[in-house]
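Single-structure report; data block below.
Everything quoted here is computed from the prediction, not taken from an experiment. In the text below, chain A, chain B and the rest are named by the order of the sequence lines, each starting its count at 1.
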2 protein chains.
Amino acid sequence: MVAVGDELLLGDIVNGNAAWLGAQLAAVGAPVVHSCMVGDDVDRIAAALRRALEDADVVVVTGGLGPTSDDVTREAVAAVAGVGLVRDPLLEDALRATFEAYAVAMPAAVLRQADVPVGATALDNPVGTAPGLRVEVGERLVFALPGPPHELAAIFHGSVLAELAARSGAVVLTRTLHCAGRGESAVAELVEQAIKVPGGVALAYLAGGGVVRVRLTTVAPTHAEADDVLAPLVAAAADVLGEAVFGRDLDTLAGVVLRRLRAAGATVGVAESLTGGLLGAALTALPGSSTAFRGGLLVYATDLKATLAGVPASVLAEHGAVSAQTAVALATGARERLGATYGLGVTGVAGPDSQEGRPVGTVHVAVCGPGGVSHREARLPGTRDRVRLLAVTLALDLLRRQLPGDTQARSSTSTSSTR
Amino acid sequence: MVAVGDELLLGDIVNGNAAWLGAQLAAVGAPVVHSCMVGDDVDRIAAALRRALEDADVVVVTGGLGPTSDDVTREAVAAVAGVGLVRDPLLEDALRATFEAYAVAMPAAVLRQADVPVGATALDNPVGTAPGLRVEVGERLVFALPGPPHELAAIFHGSVLAELAARSGAVVLTRTLHCAGRGESAVAELVEQAIKVPGGVALAYLAGGGVVRVRLTTVAPTHAEADDVLAPLVAAAADVLGEAVFGRDLDTLAGVVLRRLRAAGATVGVAESLTGGLLGAALTALPGSSTAFRGGLLVYATDLKATLAGVPASVLAEHGAVSAQTAVALATGARERLGATYGLGVTGVAGPDSQEGRPVGTVHVAVCGPGGVSHREARLPGTRDRVRLLAVTLALDLLRRQLPGDTQARSSTSTSSTR
């Protein structure tokens with residue numbers, strides 16, 4: 001893949017097209033082996049295309065197909081194909097018709113979008129004025145697509161995807177296990193003791209926000225064959241990781257917690273200090289959260305911990321605002337005052353300064369529910385943002401472990417493992 | 001730039017590091033000429049590094065420095081430099097110390113992060129375990145930095161930026177005005193009536209999250225010369241945009257609100273419905289927010305709007321949970337029950353389904369303070385995430401406009417304009 005645009009190199013915009021196309025292409029067995037970004041320069045674009053054509057059977061170039069003078073992808077593709085540009089009368093008529101339809105005077109530059117490399121096929125753009133281009137370069141193939149994501153998606157699905165799927169005749173299947181409560185290297189050690197990864201299967205670990213993702217990927221002629229390869233590996237990894245696995249594939253920790261709450265006909269309320277609302281925000285990010293999330297108490301100021309959440313003044317005086325006792329009192333107060341099945345309390349030191357002699361990153365979380373009270377303490381690393389984010393994960397994971405097992409995840413495990 | 005990771009090519013994550021680094025490097029006169037992504041494969045990483053070294057004086061490679069078996073950037077950099085890897089005893093000690101500090105058993109694999117190419121300099125990572133690497137390859141330079149954005153940023157600013165700035169000998173100065181309450185095209189129209197952009201100055205508009213950024217950029221031998229060019233343009237744009245401008249450069253809307261509150265010796269408390277904690281999270285994202293932020297009430301369930309925030313049952317019955325009256329009652333309740341100078345209330349329909357006959361995106365925000373009550377209604381576009389985010393901006397901007405003027409921003413304006 002080659003993405004064209006100064007704005008990508010300058011960081012004005014993120015190259016989301018590369019991620020979107022990467023996922024689309026992997027799904028049809030045409031995984032991306034190399035992806036690059038270049039500026040709006042004919043020679044640099046041409047050089048990038050030539051390099052890409054050395055690496056891959058098919059090159060997808062995005063951007064630089066607009067009407068303005070800095071849109072030079074057409075010229076670069078023609079140069080690489082060793083041909084000139086010719087104006088396509090049908091495209092020209094279509095452009096004129098579009099502007100007439102909107103009763104807008106057409107700037108002359110717009111007609112550049114009707115220029116195509118000799119021998120190229122124009123790909124219909126149902127949502128914009130710049131057509132895509134399909135150009136054969138020897139045995140290899142270049143698709144040039146517009147940069148605006150909705151135009152890219154429309155042309156890719158309309159004119160590109162089917163041909164690439166037919167060429168590859170394979171699917172790439174990915175299975176992911178999401179883990180909390182263990183570090184990346186600890187997860188890796190367990191997984192690699194449990195499974196031998198056969199050739200043709202890629203194993204990767206993605207860590208972020210206190211969650212470690214174990215990802216297994218393989219290529220096969222069919223989805224079923226790929227699944228037969230991955231299912232036993234996923235099942236074995238899930239077994240050895242045990243309770244650390246909170247979900248798989250598209251699951252999120254908050255999503256799993258809400259699913260388990262709904263399955264149990266239970267609700268949750270939160271009392272937050274250092275996270276200042278991040279925990280509530282995570283629990284309300286998904287549609288339908290109102291069925292399981294009651295509400296929350298943001299007790300940032302210490303006096304509010306007493307007046308709003310009912311933390312006894314004696315607890316605050318003896319143990320301090322950052323303590324196991326306060327976390328438990330916050331969880332208990334949240335449960336009572338919000339009328340929830342479970343109360344979840346979080347307090348700690350986000351930094352940059354220590355507090356009450358507790359170092360930055362000290363966090364206490366507690367859950368109060370029908371089964372009683374549980375508490376966890378951690379010393380979280382990193383900056384203020386990171387400590388707050390990790391504290392949310394710590395709290396959600398503690399609640400998750402108190403909730404009845406996740407039947408959806410269970411069943412999907414057994415399905416896989418019995419394949 | 002070379003970004004390493006199968007997850008980038010498969011589209012599991014977007015390459016935000018490339019955009020962030022691109023902006024950072026342009027700002028010190030070291031613009032990125034080529035940027036690519038490769039998978040977790042030693043040979044492909046090495047090939048990408050060799051190609052990049054043909055194009056550029058300095059190559060920054062991100063990712064693949066972790067402890068797991070798929071982290072092979074170290075090996076690729078060593079291969080390109082034509083040297084082997086050696087274990088650095090100081091790094092090894094630091095890694096052991098880190099795990100001891102957190103009282104966690106250290107998996108053996110972690111020590112791979114103490115391996116460095118012979119002759120390389122390890123770059124201190126203050127927020128993680130994987131150090132960066134500085135490796136000279138002939139006349140050229142390779143910096144290898146970890147993929148997690150907070151680690152990348154910490155090492156880049158700590159050990160990379162200064163050297164690259166010194167090499168380039170030019171400064172690229174950027175001045176940004178942040179606006180809320182007006183759309184991108186309205187802002188652009190005003191700015192382009194007010195200023196003529198001279199050659200050598202780039203004008204760009206970046207819109208997101210309900211904020212429009214007006215960005216002016218120029219290159220000059222010194223910071224002072226660049227500032228002389230931009231200051232009058234920035235001042236003229238700020239004048240024509242008036243109250244819509246809430247801050248400049250590194251300001252954030254929440255940061256400006258907190259600064260104004262502190263300057264006035266005032267505090268704020270929030271009552272949130274559809275945002276579920278995002279508003280509190282925004283107001284507590286910055287250090288020292290506890291001096292101005294009291295706390296909040298997350299009244300997600302309708303009955304909590306009455307019992308927790310004191311919204312009269314009659315208001316909920318007559319006008320509904322999504323109404324101007326409820327927003328005002330939430331603001332008033334937040335102010336009273338949280339003991340704050342200002343109460344900020346937000347209610348609305350995040351979607352995906354409409355509520356009480358109100359369409360998705362309907363949002364009411366209200367402020368209650370010493371000067372009385374003010375309210376704003378909006379119909380916000382987009383998905384659930386976007387509606388929630390825009391609602392936070394709408395609420396913060398309403399509060400910002402009730403607060404005494406921002407002396408810091410004022411003075412920086414006059415400084416610039418009198419240069």
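- Contact record, B/Thr275 with B/Ala391: CG2-CB, 3.9 Å, taken as the closest heavy-atom pair.
- Residues B/Val2 and B/Val60 fail the side-chain proximity criterion, which asks for heavy atoms closer than 4.5 Å.
- Remark: of the listed residues A/Thr307, A/Leu297, A/Leu308, A/Leu308 is the sole one forming a side-chain contact (heavy atoms from CB on, under 4.5 Å) with B/Leu338.
- The shortest side-chain heavy-atom distance between A/Leu203 and A/Arg215 does not fall under the 4.5 Å cut-off.
- Aromatic ring centres of B/His157 and B/Trp20: separated by under 6.0 Å.
- In this structure, no portion of B/Asp41 lies under 4.5 Å from any heavy atom of chain A.
- With a threshold of 4.5 angstrom between heavy atoms, A/Arg294 approaches chain B through its backbone and through its side chain.
- Looking at B/Arg384, the atoms closer than 4.5 Å to chain A (heavy atoms on both sides) all sit in the side chain, from C-beta outward.
- Listed options B/Gly269, B/Gly288, B/Ser289, B/Ala3 were ranked by heavy-atom pairs under 4.5 angstrom with chain A; first place goes to B/Ser289.
- Only the backbone of B/Ile13 comes within contact range of chain A, with heavy atoms under 4.5 Å apart.
- Considering only heavy-atom pairs separated by less than 4.5 Å from chain A, the leading option among B/Leu8, B/Asp303, B/Asp385, B/Asn17 is B/Asp303.
- In the model, A/Arg388 has a side-chain atom that pairs as donor or acceptor with a side-chain atom of B/Thr284 under 3.5 Å.
- Using a 4.5 Å cut-off on side-chain heavy atoms (C-beta onward), B/Leu21 and B/Leu152 make contact.
- Ranking A/Ser290, A/Ser273, A/Ala378, A/Ala207 against chain B, the residue ahead of the rest is A/Ser290, based on heavy-atom pairs under 4.5 Å.
- At a 4.5 Å heavy-atom cutoff, the contact between B/Leu286 and chain A is made by backbone atoms alone.
- Comparing B/Ala350, B/Pro31, B/Ala285, B/Ala26 by how many heavy-atom pairs each has under 4.5 Å with chain A, the most go to B/Ala285.
- Here A/Asp55 contributes atom CG and A/Cys36 contributes atom SG; the two are 9.5 Å apart, rounded to the nearest 0.5 Å.
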- [ ] Starting from the C-alpha separation in whole Å, work towards a yes-or-no answer on side-chain contact (heavy atoms from CB on, under 4.5 Å) for B/Phe293 and B/Val270.
- [x] CA-CA 9 Å; B/Phe293 181 75; B/Val270 301; 4.1 Å; yes
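- Across B/Pro107, B/Ala108, B/Ala18, the residue that shares the most heavy-atom pairs under 4.5 angstrom with chain A is B/Pro107.
- For the options B/His34, B/Arg51, B/Glu7, heavy-atom pairs under 4.5 Å to chain A are most numerous at B/Arg51.
- Using a 4.5 Å heavy-atom cutoff, the side chains of B/Pro67 and B/Gln113 are in contact.
- Chosen from B/Val127, B/Asp40, B/Asp70, the residue pairing most often with chain A at heavy-atom distances under 4.5 Å is B/Asp70.
- Only the side chain of B/Thr68 comes within contact range of chain A, judged by heavy atoms closer than 4.5 Å.
- Neither the backbone nor the side chain of B/Thr302 has a heavy atom closer than 4.5 Å to any heavy atom of chain A.
- Neither the backbone nor the side chain of B/Glu151 comes within contact range of chain A, judged by heavy atoms closer than 4.5 Å.
- Heavy atoms of B/Val33 lying under 4.5 Å from chain A belong to its backbone as well as its side chain.
- Using modelled atom types and a 3.5 Å distance limit, the side chains of B/Thr129 and B/Thr98 yield no donor-acceptor pair.
- Proximity to chain A (any heavy atom under 4.5 Å) is shown, for B/Leu278, by both the backbone and the side chain.
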